[in-house]
Every structure is written in C-alpha cells, then in structure tokens.
S.K.: 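Pasting a structure here, questions to come.
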Amino acid sequence: MNSLKEKIIFITGASSGIGKSCAYVFAQKGANLVISARRKNLIDEVADDISKKFGVKIYAGKVDVTKRMDVIGFVNSLPGEFKNIDILINNAGLARGLNKFYEDNPDGWEEMIDTNVKGLLYVTHAILPGMIERKFGHIINIGSIAGHEAYPKGAVYCASKHAVDAITRSLRMDIIDKNILVSTIDAGLVETNFSKIRFNGDEEKAKNVYKGLTPLTGDDIANAVVYCATRPPHVNIAEITLLAARQASATISYRADD
Ligand code: 8X3
C-alpha cells in the first residue's frame, strides 16, 4: 500500500466542507499538507488546529483558484520543503443557484465555470510539471454525480462537473507514461455548506435538500479520497461514485415522509 507518511498533499478549498475534511483525515494519516482557500483567516485557523492536533508539517495560503496568476504565484513561492507535491486534491468548487436556465443569473455561471473548471485547470497545470519531472504523482478531482447526470435547473453546474469528468479522463490519457495517477471522486448528497452557497445563504432551502434522509458527510468523501490515494502502486482508482444510502440518482431519493 502507498503510505501517506511524509507525503505532501495539496488541497484546494480546504477551509470548509469536503476540502477541510480531507485536510484533517490526511493529517491524521501522517501526511504533510499545503492547504489553500480564498479566506486567509479561515485557512490559517484550519492550519493551526491541524498542526496542534497532528503535528504534521502544514503550509496554508490564500489562493483564489479563478485567478491564474495567483495560482502560479502561490505554487512558485512554496517553501522548499513543500514544493514536491505528491498528491493534488482539486476540491475548490461550488454551485450557485438552482433555476430554470432561462431564469438563471449568468453571474453564477461565470463563478461556477471559473471555479469548477478553469480553477481546476489552472491548479493542475501549475502542479503537473513538478510531478512529471519527479515521475510521481496523483491528481484526485472532486467531481459530482452531476458529472454523470444532468438534472433540471442545473444546466451550468452539471456542465461544469461533466467538464471535470472529461478533463479527468483526457488527462489520464495524456500522462499515462508519466507514472502519475488521475482519479475522480463523485458524490451525491453531502451535507456541507454546499447548499447554503447554492441558495445564497437561504438556510431553509438548504436544509430541505437533505430532509428525510441521512446525507453523506465531508468525512465520508475524505475517506474515499484516502482509499484512492493509498492503493498499491499498480492500482489506479479511476472513479468512485458515492450516494447517500437512500439516494438512487441525482434526482431520485427515498425520504422519510415519502
Ligand atoms: C453535488 C451533488 O446532486 O447537488 O455535487 O449536484 S448535486
């Protein structure tokens, strides 16, 4: 099995949700971390807490993945002991709105495409040359069930996650001779602040998404990411799809009051 001890893991969007869970679970396994998010105070808090609890090496930075020059600047300025990234977890992503396409706000489209697609591309493109040089690496993308299915009112979010799926598969072909693995972890209903962000802070609407069933947690996803990252060297997990136990698809769930 590949051990995580002394490995350097770079996690984007690590100040909350699945990214934060990944940071804790990987640190618990002895990995050293580079974590980034847009909010400096939050990412610093996560870093301090992890460093106290697990004593691993951790470097935190403010990075907006939608800004290509920010991403490049951050990666180029990593201190020497954090430069050789072994595993990249492309987690930063969001949904904005759940509306019929013709009633939807294009500002949200820009945000989703810039973060979920272009952000993932910028970060991957900045990290890959080092992995290629060292002939070692693993890129793990946090996709979604929305990368496999399109659902009503989700045209642009679903398109962005279909793009993540296509990028994952195409990239795997491009680097097949480089000893670098590419995987995607695609989840359904995970209760984080995802829905609160999607509904612009509307707590009631956000809660309703998970009503009548037990959703997945950030830790459930982080554990799948760890599984993926710790297989024997001859194994590549191309894709893991996780659904809540009462979820059959993006649109079909069995709820307590059904
Ligand atoms: C999140 C899952 O079903 O809301 O990516 O699109 S879903």
S.K.: Describe, in one word, how the ring planes of Phe54 and Tyr24 are oriented to each other, choosing from parallel (under 30°), tilted (30 to 60°) and perpendicular (over 60°).
M.R.: perpendicular

S.K.: Give a yes-or-no answer on whether the side chains of Thr124 and Asn90 include a donor-acceptor pair shorter than 3.5 Å.
M.R.: yes

S.K.: Measuring only between side-chain heavy atoms, which start at C-beta, is Asp86 closer than 4.5 Å to Asn84?
M.R.: no

S.K.: Would you give the length of the straight line joining atom CD1 of Ile167 to atom CG of Asp174, rounded to the nearest 0.5 angstrom?
M.R.: 11.5 Å

S.K.: Looking only at heavy atoms, what is the nearest atom pair of Ala187 and Val190, with distance?
M.R.: CB-CG2, 3.6 Å

S.K.: Where the side chain of Ser77 meets the backbone of Gly73, is there a donor-acceptor pair that is under 3.5 Å apart?
M.R.: yes

S.K.: Quick test of your reading of the model: are Arg169 and Asp165 salt-bridged, counting only N-O distances below 4.0 Å?
M.R.: yes

S.K.: So does Phe194 get a backbone contact from the side chain of Thr192, meaning a donor-acceptor N/O pair under 3.5 Å?
M.R.: yes

S.K.: Just by modelled atom types, is the Thr12 backbone N or O under 3.5 Å from a matching donor or acceptor in the Asn91 side chain?
M.R.: yes

S.K.: Lys118 versus Thr66: any side-chain heavy-atom pair under 4.5 Å?
M.R.: no

S.K.: Do Val65 and Val225 belong to the same hydrophobic cluster, where Ile, Leu, Val, Met, Phe, Trp and Tyr are linked whenever their side-chain heavy atoms lie under 4.5 Å apart, directly or via other members?
M.R.: no

S.K.: Taking NZ in Lys83 as the centre, count heavy atoms belonging to other residues, nucleotides or ligands within less than 6.0 Å. Is the count above 12?
M.R.: yes

S.K.: Answer yes or no: is there a side-chain heavy-atom contact under 4.5 Å between Tyr59 and Ile8?
M.R.: no

S.K.: Is there side-chain contact between Phe26 and Ile89, with heavy atoms separated by less than 4.5 Å?
M.R.: yes

S.K.: With the side chain counted from C-beta on, respond yes when Trp109 and Ser160 share a heavy-atom pair under 4.5 Å apart, and no when they do not.
M.R.: no

S.K.: Taking atom CD as the centre, does Glu103 end up with more than 12 heavy-atom neighbours from other residues, nucleotides or ligands that are less than 6.0 angstrom away?
M.R.: yes

S.K.: For atom NZ of Lys40, decide whether the heavy atoms of other residues, nucleotides or ligands shown that lie under 6.0 angstrom number more than 12.
M.R.: yes

S.K.: For the atom pair CZ (Arg96) and CD1 (Ile113), what is the distance rounded to the nearest 0.5 Å?
M.R.: 14.5 Å

S.K.: Decide if atom CZ of Arg172 counts as having more than 12 heavy atoms of other residues, nucleotides or ligands within a radius under 6.0 Å.
M.R.: yes

S.K.: Please determine whether the number of non-hydrogen atoms from other residues, nucleotides or ligands lying under 6.0 Å from atom CZ of Arg246 exceeds 12.
M.R.: yes

S.K.: Quick one: pull up CD1 in Ile87 and SG in Cys22 and give me the separation to the nearest 0.5 Å.
M.R.: 10.5 Å

S.K.: Does the side chain of Tyr122 pick up a donor-acceptor pair with the side chain of Asp70 at under 3.5 Å?
M.R.: no

S.K.: Do we see a donor-acceptor contact under 3.5 Å between the side chains of Asp219 and Thr217?
M.R.: no

S.K.: Mind checking whether Asn236 and Ser183 have side chains closer than 4.5 Å, heavy atoms only?
M.R.: yes

S.K.: In sequence, state the C-alpha distance, the side-chain angles, and the governing distance for Ile180 and Leu128, and then conclude on side-chain contact (heavy atoms from CB on, under 4.5 Å).
M.R.: CA-CA 9 Å; Ile180 298 169; Leu128 254 180; 3.9 Å; yes

S.K.: For Tyr227, look at atom OH and say whether over 12 heavy atoms of other residues, nucleotides or ligands are found less than 6.0 Å away.
M.R.: no

S.K.: Could you please spell out the steps behind the side-chain contact (heavy atoms from CB on, under 4.5 Å) verdict for Lys62 and Ile43?
M.R.: CA-CA 7 Å; Lys62 174 176 160 25; Ile43 202 70; 5.7 Å; no

S.K.: To the nearest 0.5 Å, tell me how far Thr115 OG1 sits from Glu110 CD.
M.R.: 10.5 Å

S.K.: What's the separation between atom NE2 in His138 and atom CZ in Arg231, rounded to the nearest 0.5 Å?
M.R.: 10.5 Å

S.K.: How many angstroms lie between atom CD of Glu81 and atom CD of Glu6, to the nearest 0.5 angstrom?
M.R.: 10.5 Å

S.K.: Assess whether side-chain contact (heavy atoms from CB on, under 4.5 Å) is satisfied between Asn208 and Lys205, documenting all intermediate values.
M.R.: CA-CA 5 Å; Asn208 270 335; Lys205 271 190 179 172; 5.7 Å; no

S.K.: Any side-chain heavy atom of Lys67 sitting closer than 4.5 Å to one from Phe74?
M.R.: no

S.K.: Are the side chains of Val117 and Leu121 in contact, using a 4.5 Å heavy-atom criterion?
M.R.: yes

